[in-house]
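Structure first, commentary second.
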Amino acid sequence: MADFYDELIEKGRKEGREEGREEGRVKYKIELICKKIKAGKDIQTIAAEVEESVETVSPIYDIAYEHPNYDVDAIYKEMNA
């Protein structure tokens with residue numbers, strides 16, 4: 001029974017680490033997109049520069065553009081609300 005419990009704990013930790021890594025990747029993209037918005041770049045240019053589709057960049061762009069005072073964490077939170 002203890003082995004099963006240990007396996008569940010390890011599985012949970014592994015999933016948690018992967019979720020954390022994915023959150024970090026998304027937040028990094030948000031940060032890049034925000035910098036490019038502040039530089040006055042349009043969405044098509046930003047999408048090309050971050051090597052993503054306009055459809056992928058659009059939700060981040062819209063939130064960041066409408067709320068320039070938001071930080072990366074606030075944008076991430078609104079995206080996942």
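Nothing here was measured: the structure is a model prediction, and the numbers come from that model. No hydrogens, no waters, no symmetry mates; every other heavy atom, side chains included, goes into these values.
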- [ ] Let me see the working for M79 and I30 under side-chain contact (heavy atoms from CB on, under 4.5 Å), right down to the final yes or no.
- [x] CA-CA 10 Å; M79 286 177 56; I30 292 170; 3.9 Å; yes
If I compare all heavy atoms of [X] with all of [Y], which pair ends up nearest, and what's the gap?
X   : Y   : value
Y70 : E78 : CE2-OE1, 3.0 Å
S58 : I43 : CA-CD1, 3.6 Å
I75 : C34 : CD1-SG, 3.5 Å

Open item on the list: Would you compute the distance between atom CG of N80 and atom CD of E23 and round it to the nearest 0.5 angstrom?
Closed with: 8.0 Å
TODO: Would you give the length of the straight line joining atom OH of Y76 to atom CD1 of I63, rounded to the nearest 0.5 angstrom?
DONE: 12.0 Å
Task: Atom CD of E22 with >12 non-hydrogen neighbours under 6.0 angstrom - done: yes
Task: Sequence-distant partners of L8, side chain to side chain contact (heavy atoms under 4.5 Å, CB included), two or more places apart - done: F4
Task: Steps toward side-chain contact (heavy atoms from CB on, under 4.5 Å) verdict (K36, V50) - done: CA-CA 10 Å; K36 292 176 183 300; V50 298; 3.9 Å; yes
Open item on the list: Can you confirm whether I33 sits close enough to E52 that some side-chain heavy atom of one is under 4.5 Å from a side-chain heavy atom of the other?
Closed with: no
Open item on the list: Under the side-chain contact (heavy atoms from CB on, under 4.5 Å) test against I9, which residue among R13, E7, K11 passes?
Closed with: R13
Task: V72, I60, D71 screened by side-chain contact (heavy atoms from CB on, under 4.5 Å) with E31, the one that passes - done: V72
Task: Side-chain ion pair, E10 and R17, N-O less than 4.0 Å - done: yes
